[in-house]
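Okay, structure first, notes after.
Naming convention: chains lettered A, B, ... in sequence-line order (proteins, then strands); numbering from 1 in each chain. Fair warning: this is a prediction, and the values are worked out from it, not measured in the lab.
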2 protein chains.
Amino acid sequence: MAQPVSTLTLNERSTGNNGASSVMGEKEIFHHHIQRAGLKRTAQRDLILDVFLGTDEHLSSEDLYRLVQEKDPTIGQTTVYRTLKLMTEAGIAREVRFGDGKTRYERNSKLPHHHHMICVECGHTIEFLSSELEAIQNEIAAKYRFEPKQHSLRIFGLCADCRDRAPARHNLETVEPRVRLSLARAHK
Amino acid sequence: MAQPVSTLTLNERSTGNNGASSVMGEKEIFHHHIQRAGLKRTAQRDLILDVFLGTDEHLSSEDLYRLVQEKDPTIGQTTVYRTLKLMTEAGIAREVRFGDGKTRYERNSKLPHHHHMICVECGHTIEFLSSELEAIQNEIAAKYRFEPKQHSLRIFGLCADCRDRAPARHNLETVEPRVRLSLARAHK
DNA sequence: TTATTTGCAAATCGTTTGCACCTTA
DNA sequence: TAAGGTGCAAACGATTTGCAAATAA
């Protein structure tokens, strides 16, 4: 059965029962990854990691850069890009794309295999889980001897708010009311 | 039940039973859209449309541009970009993104709501249908008063060929063998 | 005739890279 | 000290835009 979880609920989960300890776990994973790969721990990486773990949003590199800037204005965009990639390689961040051209990152440790509903009007996202999806994936994959590594379901449409706000939008002059991804506004 | 359909099968469907007539339908839709919007029919648009309808691949703008060039080398990239957008607005093309940075387009008239398995090794894609997915979408959407317009399931992993070709890849030094989307090679 | 389209070159946008200097192990 | 890391500016690749000339309605 599908188990929907709102972004808010996700937040509660992240900082509720095992909040600090899981953040600790992520930091450890990051530092282990750095060591194992023969890389170095730096103040910049620590700061960027901290800021990243302090949110549960879907941050773009630019978003994270802005947040980091507030704490240390000397850190450059490039370092944020590089650290984000590093965190992804370490497995504590995950890339998500909502069709607005920029890559976003979310924490990878919680809510495994969750998916997104993305409002094409306001960019708001809702996260949800579905174990049925795993079943579908495995069924399909088996038929093709395909080895699934990752999957992503995105549902584009109108969130409740935008639905109420723009009820006339549906009967526009378009023959087939297809979603134009290019219409998606800035995220959040 | 999920109904897998390979790219080849998709091809058969497109040109089999109702091949010519459906292409006709798409041309008509395009021209209607052009008229309705007060735009103009041009030789360039007709050519680009023809070439696009003549394939069932997931073409990038560049791919289509190359094909069009073979028939008329005077047509510019920009026109292809603009026509692709126009076809998307008309509802005969659909944007798909496989995580390699470039937007691809596929015909929108057949195989509604199909999804993709994308090989991160060679870029090969397999298309499939799943009515279960519709059920999941509607169930989730209803809980949030979300109005779904479009959804997209992508399964990233290794196709049968690449699986056989690189069996040792799994036990690499990575703790969690996460797929790095950035690794995805050129498509097809 | 007159709004629209075209192709080119230049501009944009997100992201990556080259490089000289700085820092960690 | 040696291997990496940092920030800046320049480079990139996909896509978009300004514009003057060309064309459909």
Side-chain angles (χ1 to χ4, degrees), chain A residues 30-49 58-66 68-69 72-90 93 95-105 180-187, chain B residues 30-49 58-66 68-69 72-90 93 95-105 180-187:
Chain A
F30 186 64
H31 294 142
H32 269 87
H33 175 79
I34 278 184
Q35 263 201 314
R36 176 162 37 83
L39 307 178
K40 288 167 183 172
R41 184 172 174 178
T42 69
Q44 290 92 327
R45 286 176 176 170
D46 279 355
L47 210 204
I48 294 170
L49 176 63
H58 298 108
L59 297 169
S60 66
S61 188
E62 169 102 48
D63 294 337
L64 184 53
Y65 173 60
R66 292 233 176 85
V68 166
Q69 283 269 303
D72 181 349
T74 71
I75 290 184
Q77 284 239 47
T78 313
T79 304
V80 175
Y81 271 109
R82 289 191 274 228
T83 305
L84 235 13
K85 189 187 285 184
L86 201 53
M87 296 192 297
T88 303
E89 284 169 13
E95 297 181 345
V96 288
R97 302 206 175 90
F98 295 149
D100 65 348
K102 48 189 74 169
T103 303
R104 294 171 186 289
Y105 295 83
R180 288 165 56 189
L181 296 186
S182 50
L183 284 182
R185 305 288 168 69
H187 178 68
Chain B
F30 186 64
H31 294 142
H32 270 87
H33 175 79
I34 278 184
Q35 263 201 314
R36 176 160 39 83
L39 306 178
K40 287 168 182 170
R41 184 171 174 178
T42 68
Q44 289 91 329
R45 286 176 177 168
D46 279 355
L47 211 204
I48 295 169
L49 175 62
H58 298 109
L59 297 170
S60 66
S61 187
E62 170 103 47
D63 294 338
L64 184 53
Y65 173 60
R66 291 233 176 85
V68 165
Q69 283 269 304
D72 180 350
T74 71
I75 290 185
Q77 284 240 45
T78 313
T79 303
V80 175
Y81 271 110
R82 288 191 275 228
T83 305
L84 235 13
K85 190 187 286 184
L86 201 53
M87 296 193 296
T88 303
E89 284 168 13
E95 299 182 344
V96 289
R97 301 208 176 89
F98 295 150
D100 66 347
K102 47 189 75 170
T103 303
R104 294 170 186 289
Y105 295 83
R180 289 166 56 189
L181 297 185
S182 49
L183 284 182
R185 304 289 168 70
H187 177 68

- Toward the 5' end of DNA chain C, by each residue's nearest nucleotide, B/Leu39 or B/Tyr65: B/Leu39
- Message: Let me spell it out: for each of B/Ala37 and B/Thr74, pick the nucleotide of DNA chain C with the closest heavy atom. Which residue's pick is nearer the 5' end?
- Response: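 This one resolves to B/Ala37.
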- Item | Pair B/Glu62 + B/Arg66: basic N to acidic O under 4.0 Å | yes
Using atom [atom1] of [X] as one end and atom [atom2] of [N] as the other, report the distance to the nearest whole Å.
X	N	atom1	atom2	result
A/Gln69	D/dC8	CD	P	9 Å
A/Lys85	D/dG5	NZ	P	13 Å
B/Leu84	D/dT15	CG	P	9 Å
A/Arg104	C/dG14	CZ	C1'	12 Å
B/Phe30	C/dT5	CZ	P	10 Å
B/Leu86	C/dT5	CG	P	8 Å
B/Asp46	D/dA25	CG	P	10 Å
A/Arg97	C/dT15	CZ	C1'	11 Å

Indicate, with a heavy-atom threshold strictly under 4.0 Å, whether [X] touches base, sugar-phosphate, or nothing.
X	answer
A/Thr103	sugar-phosphate
A/Ser60	nothing
B/Lys40	base
A/Gln77	nothing

- Query: Is it true that the side chains of B/Asp46 and B/His31 contain a donor and an acceptor less than 3.5 Å apart?
  - Reply: yes
- Message: Using every non-hydrogen atom in the two residues, find where B/Ser60 and B/Lys102 come nearest and quote the distance to one decimal.
- Response: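 Scanning both residues completely, I find the closest heavy atoms to be CB-CD, 4.1 Å.
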- Item | Shortest non-hydrogen contact from A/Tyr65 toward A/Gly76 |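 What the structure gives for the nearest pair is CE1-C, 3.6 Å.
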- Item | Distance, nearest 0.5 Å, that separates CG of B/Leu86 from CD1 of B/Ile34 |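 Taking CG in B/Leu86 and CD1 in B/Ile34, the distance rounds to 5.5 Å.
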Out of [options], which has the shortest distance to the side chain of [X]?
X	options	result
B/Thr78	D/dT17, C/dT6, C/dT24	D/dT17
B/Ser61	C/dG7, D/dA24, D/dT15	D/dT15
A/Arg82	D/dT15, D/dT6, C/dT16	D/dT6

- By nearest nucleotide on DNA chain D, pick out whichever of B/Arg41 and B/Gly101 is the more 5' one.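 Checking each residue's closest nucleotide, the 5'-ward one belongs to B/Gly101.
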Give a yes/no answer on whether the side chain of [X] brings an N or O atom under 4.0 Å of OP1 or OP2 in [N].
X	N	result
A/Tyr81	C/dT16	no
A/Thr42	D/dG4	no
A/Arg45	D/dG5	yes

- Item | B/Arg45 side-chain N/O to B/Lys40 backbone N/O, donor-acceptor pair under 3.5 Å | yes
